[in-house]
Every structure is written in structure tokens, then in C-alpha cells.
Peer 1: 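The structure under discussion is supplied below as C-alpha cells; questions concerning it will follow.
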Number of protein chains: 2
Amino acid sequence: MVKITDVARRAGVSPSTVSYALSGKRPISEETRRRVEAAIRELGYRPHAGARALASSKSNVLALVIPLRAGIHVPVAMQFAVSVVTAARRYDHDVLLLTQEEGEDGLRRVADTALVDALLVMDVQLHDPRLPLLRSLDRPSVLIGFPAEPDGLTCIDLDFKAAGEACVEHLVRLGHRVVALVGSPPEVYVRRTAFAQRLVQGFTAAADRHRLASAVHPCETGADAARRIAEHLLREQPALTGVVVHNEPLLEPLIDAFEELGLRVPGDLSVIALCPDEVAAALRVPVTSVALPSAEVGARAVELLMKKLDGATVPDATLLAPRLTERASTARRAVV
Amino acid sequence: MVKITDVARRAGVSPSTVSYALSGKRPISEETRRRVEAAIRELGYRPHAGARALASSKSNVLALVIPLRAGIHVPVAMQFAVSVVTAARRYDHDVLLLTQEEGEDGLRRVADTALVDALLVMDVQLHDPRLPLLRSLDRPSVLIGFPAEPDGLTCIDLDFKAAGEACVEHLVRLGHRVVALVGSPPEVYVRRTAFAQRLVQGFTAAADRHRLASAVHPCETGADAARRIAEHLLREQPALTGVVVHNEPLLEPLIDAFEELGLRVPGDLSVIALCPDEVAAALRVPVTSVALPSAEVGARAVELLMKKLDGATVPDATLLAPRLTERASTARRAVV
DNA sequence: GTGAAAGCGCTAACAT
DNA sequence: ATGTTAGCGCTTTCAC
């Protein structure tokens, strides 16, 4: 293995000069830098990560805790993970993957052994058991999602409340007066993840503000559930013309169900989804949607973490503004 | 930070004794072991990962390279990643996540800096540019999938050839004589990933062996493509009664398309899929399938890697036997 | 069965 | 602008 002393010898300088040439932490003359770089190249030198971590107490590794629970939409999680890795590499950091299986122990382990410098935790629950630990750790962390008591923690997520409002307001602009929200499976709400509830809040608040008739229904996934909820909605709100769907796999079957019940989308019924843009765009009827910006959340989360590692102060809460994209599933309400 | 000398002092022993008590690399008296363990517990001692890596030249971290390319089925990749992490933890290893974005540089970086002890590479291409590098690296690796020239490399995957044969033989047992394989989008074949082609080989070989009429068609994803391919198949092979589908997102629309064309599944047409069991079971018509055992592949890949790290010799090729599960989409051929 | 001590390869004072 | 050197915290010979 070629080490820093080898490089130093070859370049005719001291090891510290090589180190400083690499880190840029002190000025190096043009001539020296050239010689060092040449030596590094010629010898194929790579600093030993463990030695670095030991001497500098920085591992340049972030922990990413990904969920495996049911109800989590997998491609979203994956896209998020990829964006985290990509963003971390821009800051010369690597990413250690942890599953939720190990729970708090895993977080404590990687933090206490100094395997990682900082932690990124996805899929935070309203009353997440890991919160006290994260608060007590000597390493910075960023949470994806908002718990009930985010004090002392840095959290980031799509602004689901604003997203709910944006959906309603889009429907209002199109003249709709009777709307419904078809949500995620009941367990998502029972588990009390904040984001689903915040969407409901935004939806309801905006509907009330605009004096719309509105209803909210959690819903299971699958063609049968789609059919049932469609029939139920039309019975309950015969004048229904606007539907917001926060349940990605239900989207296609639900639109099918409505059409089988004789309602054209968007002719008779406008549909807005909360889902990744790719999904919305790829459906048979491209669906107007508020994007779930996993990639953006991942990149921003890493930025926050890097700032914290630099000792900077960052906002406790970062809410990403919703972005609504019009597609073929929404239209002005037909005048009867 | 509490270190090994703190533990040693508290237990009244030397640091090396603590180290050996932890590693079990030399016998420790019952009494001493007790005292050391107590001291560790009382002080909350955690060995510093970097220091360990430096002294032992083992980081206890594996690199996992995941793909992000189109055509890769994301949930499969994710499930695989999770099973790798879980398996690695059983061997007291952690997992560093790399994307393919960095390509060969990323592999070289984590290997040369001794950040990882070994590498796991997913989604290997027939002529993968990373192969020479992997062969030259001083660290062991395991590939998921088979390249054209696997010499000197350790590879593991589902036995796609046997899977193709198993599908055909199941159809034969049910009396079918005219069969077709609806494959993945053309780019999967163009990219020349081995697995898709091996499935075709097995399918064709078994069909020929049993003197079946058979056809193979790559196919895009989506309802339109499903409709087109269904019509095409029935025109080309009017007597068709058995279809193997290796294209997960196409599965549901394809069955719909057949039924809209007046063919009942499984009454008129038997369908077998290559996809994860959960997917096959969750469809409207639960589909007979050969499982894509991502979790098993992940766990086995880690086991292979651990054996190699131990200096053991492992087989160059590990082919997991296909497992076919009968569900509601296959039936004995109707006698006309 | 246990201890002493020499590194592992790097960083960051402290010098000059 | 560069060199010297003392650690960082652990593992592992070597010695008893």
C-alpha cells in the first residue's frame, strides 16, 4: 500500500505538506503543489479512510436510515436514497445504509463508533421512539418528515398542508364546488405519520375557506377497493366533480372505476394526485399532480446536514413548496 | 469519548486484554472477562471504527453498488438492498451505498481508501466495463448477475434458464402446445444483460424439446403496448393457450387486454409470470409465477462475500433454482 | 492467561 | 511556505 510518506519522499516534501496540499487547509506554493500532485498520480496514492477518520475525527460518511414498512412507497424511497448518495458525493461524503430493523441500536452504534459523522432519518413517525436518541447524540441529524414534537431537531419535507390547499385551489379555479380526498390506506393514518394528516388538514381548510362541500376517505389499495370507494363517493356526494388522490397504486384503478361508473375523466370528474411526476405522467390518463419531490428532499436534506457539520445554524423546519403540474385529468367543471 | 484504555483501567487489566476479550482471539479467564464486560457496560464503551480499521486493516464495511438505470425494477432493487444490509449485519458488517453514477471510479475509490473490505455489484451487464477493475482489485467482490466472461469473478443469480424451462414444463404438464414469451422492453435485450437472454434460451430450449409451437416478443410497458402485443400474439398464433410474461408492470394490463379480446384467464389462456411473489399474489387474478428471489440472492451474495473475506474458496457461479408457485392464472388446457 | 509496546497512516498543532 | 512530531484509538506481536 502506498502511503503519504511515500508520496512525500517522491515529491521531496514532508508528509504534512502532502496532507495540506490535499486538504487545502494551508497555502502551498504552485511549484510544490505540482510536485505533490505528480507524485500522487505516479504512485496512485489514496489516503486510508480509517487513518483519516482516526486522525481527523471525521469519517466523511453519512448514515441513511431507510424504512421497510408496508405502506411506504418503495420507488419513492429508492429515488430518495439515490439522490442522497448523489448529493453526499458532491460534498465528498459517502453513505452508509441502515434499515429500520436495527432501530435505535443501529443509530447509536454507527454514531458512537464514529463510523458516521451525521445521520439522515427517513419516514419519521409522529411519536417516533428514535427522537430522544437523536436529540442526545453528539452527531447532527436531519429528519425526513415531521414528528409531533420537532423541538431541537432539524426536519424537512414537502409542505403537505400547502399541497392539500394547492389541490383544492386548483379545483376551485376550475369551478368545482364538491370535492373529495381519497387517501392512503387506514394504517398510514393510524401509524400517525404526520404527512398524511397534514395533507388532510390543508385539503379541509382550503375546502372550508372556499365553502366547498368536501369529504375525506382513507382507502386501501387494489381494484376492488377502488370500485367500492368510487361507488361510495358517488352515493355520498352525487354532485362530486373534483377528487384528490393521495394513494399512488390506487390511482389507475380508481380512474378506471369512475369511468366504468359512467364518469369521464376529466369531462365529468377532475382528478388530482399526490405522487411522483413520472408516475402521474405515465398513466393512461396523464394526471394533474402535486409532485412528491423525493430527489429534491434528499438533496436538500444533505445540504442541511453539511451545514450542520460545518457548525452553521439551520432552520428547524424546512417545508418545500408544492408544485402542481396540470395534465389531462383536470378540466373546468361542465355547466349543466 | 471513552476509549479502550479507560475500560482497561476500570477493569484493572491491560488494553490488550480488553481488545482480546472483545475479539475472542485469545482465551480470557472467566473472571477477567466478567470484569471487562462490566467495565464496558458501565462506561458505555464503543470501539472507534476508524481506529479499528487502521489497526486491523478491516473496516467491516461492504460496498453495495445499486443501479439506477431505466428498465431496472425498483422495488426489486430495494428489497435486494435491504436483504443485503440485514445479512451483512448478521456478520457484523455495515453497508456503504454506491450508485452507478460514479462508475468504476467509485469502486476504485472505496476499495483503495480501504473504506470497504469487499464489494457487491448489482445489475451486471454482459460486457460490463467494471469487470477488469473488479478482477484487479485487492478486495473480494460478488456480482449479481452473469457477464459474458465471468472468469475469475464470483457471480450469483436466479437460474433464469432453468426458470424459462420450468415455466414451459408447467405449461406442458397442463396440456398446452402453443406458447409465447412476452419479455421485457427491447432495451433490456439490447443492453445485453444476460438474465433476460438466458430466460429466452431456457424457454425456447424447453419448448423445442417438447415440440411446442413457441414465439418470443420483447415488449414495452403500458396499457397500449399490452393491447398491441395481445392482438399481435393472437394473430400470429391463433391456437395460443400459454403465455410466459417477464415484464412486471405489463402483467396486469396484458391480462386485461387478453380478457378484453375475449380470452378468459385461465379458462382460455394460462399465464405465468417471472416476478416477485408479492406482486404475483397481489394482482386481480393471482398469477402463477416463478419468483425473483431478491431477498435470497442478497443474503446468499453476502454469505459468499464473507467466505471470501475469510479466505475460503467459493464457487465461481451460484445459480439459484427457480421456484414456481401455482396460482389462479394457469389451468389445464380446455379440450375443444 | 495477561501485559507492554510497537505500530497502523494520517492530521494538526507547533516550529521555523 | 514548509518541516517536525505528537498523537488519534485500536490491534497484535512479543514477552512473560
Side-chain angles (χ1 to χ4, degrees), chain A residues 1-37 39-40 43-61 92 109-117 138 309, chain B residues 1-37 39-40 43-61 92 109-117 138 309:
Chain A
M1 182 199 198
V2 31
K3 38 201 188 196
I4 201 168
T5 51
D6 301 328
V7 176
R9 195 172 325 114
R10 174 124 184 180
V13 298
S14 75
S16 60
T17 298
V18 177
S19 176
Y20 284 119
L22 241 27
S23 69
K25 287 190 183 172
R26 82 180 183 189
I28 302 282
S29 74
E30 193 47 49
E31 159 66 4
T32 305
R33 150 159 293 123
R34 260 200 339 82
R35 292 224 311 286
V36 169
E37 276 163 6
I40 289 178
L43 299 175
Y45 168 68
R46 294 288 203 164
H48 187 288
R52 250 188 176 176
L54 179 56
S56 68
S57 29
K58 281 180 193 345
S59 68
N60 273 35
V61 175
D92 197 31
R109 182 173 55 78
V110 297
D112 288 354
T113 61
L115 224 195
V116 307
D117 295 335
D138 55 336
L309 281 172
Chain B
M1 181 197 199
V2 30
K3 37 199 188 196
I4 201 169
T5 51
D6 300 329
V7 175
R9 196 174 321 115
R10 175 124 183 179
V13 299
S14 75
S16 60
T17 299
V18 176
S19 176
Y20 284 119
L22 241 28
S23 69
K25 287 190 182 171
R26 83 182 184 190
I28 301 282
S29 75
E30 192 47 51
E31 160 66 3
T32 304
R33 151 160 288 124
R34 260 202 336 85
R35 293 225 310 286
V36 169
E37 276 164 6
I40 288 177
L43 298 176
Y45 168 68
R46 295 285 204 165
H48 187 286
R52 250 186 175 178
L54 179 56
S56 69
S57 29
K58 278 178 192 351
S59 68
N60 274 35
V61 175
D92 197 31
R109 182 174 54 80
V110 297
D112 288 353
T113 60
L115 223 194
V116 307
D117 295 334
D138 56 336
L309 282 173

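Heavy atoms only: backbone and side chains are in, while hydrogens, waters and symmetry mates are out. Note that this is a predicted model, so its numbers are computed, not measured. Here is how names work: the chains are called A, B, and so on, in the same order as the sequence lines, proteins then strands, and each is numbered from 1.
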Peer 1: When all nucleic acid strands are considered with a 4.0 Å heavy-atom cut-off, which category describes B:S57: base, sugar-phosphate, or nothing?
Peer 2: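 No contact at all - B:S57 keeps every heavy atom at 4.0 Å or more from the nucleic acid.
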Peer 1: Which residues pass the side chain to side chain donor-acceptor pair (under 3.5 Å) test with A:R33, sequence neighbours left out?
Peer 2: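 If we apply the side chain to side chain donor-acceptor pair (under 3.5 Å) test to A:R33, skipping adjacent residues, there are no hits.
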Peer 1: Check for a donor-acceptor pair, side chain of B:N60 on one end and backbone N or O of B:D92 on the other, with a separation under 3.5 Å.
Peer 2: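 Looks like yes, one N/O pair under 3.5 Å.
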Peer 1: Do nucleotides 7-14 of chain C as a string where each nucleotide becomes B, S or -: B if the base has a protein heavy atom under 4.0 Å, S if just the sugar-phosphate does, - if no protein is that close.
Peer 2: BBBBSBBB
Peer 1: For B:S16, enumerate each residue passing the side chain to side chain donor-acceptor pair (under 3.5 Å) test, keeping only those at least two apart in sequence or located in another chain.
Peer 2: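 Partners of B:S16 by the side chain to side chain donor-acceptor pair (under 3.5 Å) criterion, ordered by chain and then number, come out as B:S14.
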Peer 1: So, applying side-chain contact (heavy atoms from CB on, under 4.5 Å) with A:T17, which one of A:I4, A:T32, A:L22 is it?
Peer 2: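 Between A:T17 and the candidates, side-chain contact (heavy atoms from CB on, under 4.5 Å) is satisfied uniquely by A:T32.
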Peer 1: Can you tell whether the side chains of A:K3 and A:D6 come within less than 4.0 Å, N to carboxylate O?
Peer 2: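 Salt bridge flag = no for A:D6 with A:K3.
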Peer 1: State which residues pass side chain to side chain donor-acceptor pair (under 3.5 Å) with B:R35; sequence neighbours excluded, sorted by chain then number.
Peer 2: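 In terms of side chain to side chain donor-acceptor pair (under 3.5 Å), with neighbours along the sequence ignored, B:R35 is linked to B:E31.
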Peer 1: Going 5' to 3' along DNA chain D, which are the first and last nucleotides with any atom under 4.0 Å from a heavy atom of chain B?
Peer 2: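 Answer, 5' to 3': D:dG9 to D:dC14.
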Peer 1: Side-chain polar contacts of residues 109-116 of chain B - donor-acceptor pairs under 3.5 angstrom, sequence neighbours left out - could you list them?
Peer 2:
unit_1	atom_1	unit_2	atom_2	d
B:R109	NE	B:E102	OE2	3.4
B:R109	NH1	A:D94	OD1	3.4
B:R109	NH1	A:D94	OD2	2.5
B:R109	NH2	A:D94	OD1	3.1
B:R109	NH2	B:E102	OE1	2.8
B:R109	NH2	B:E102	OE2	3.4
B:T113	OG1	B:R109	O	2.9
B:T113	OG1	B:L115	N	3.4

Peer 1: Where do B:L309 and B:D117 land on the side chain to side chain contact (heavy atoms under 4.5 Å, CB included) test, with the steps shown first?
Peer 2: CA-CA 8 Å; B:L309 282 173; B:D117 295 334; 4.0 Å; yes
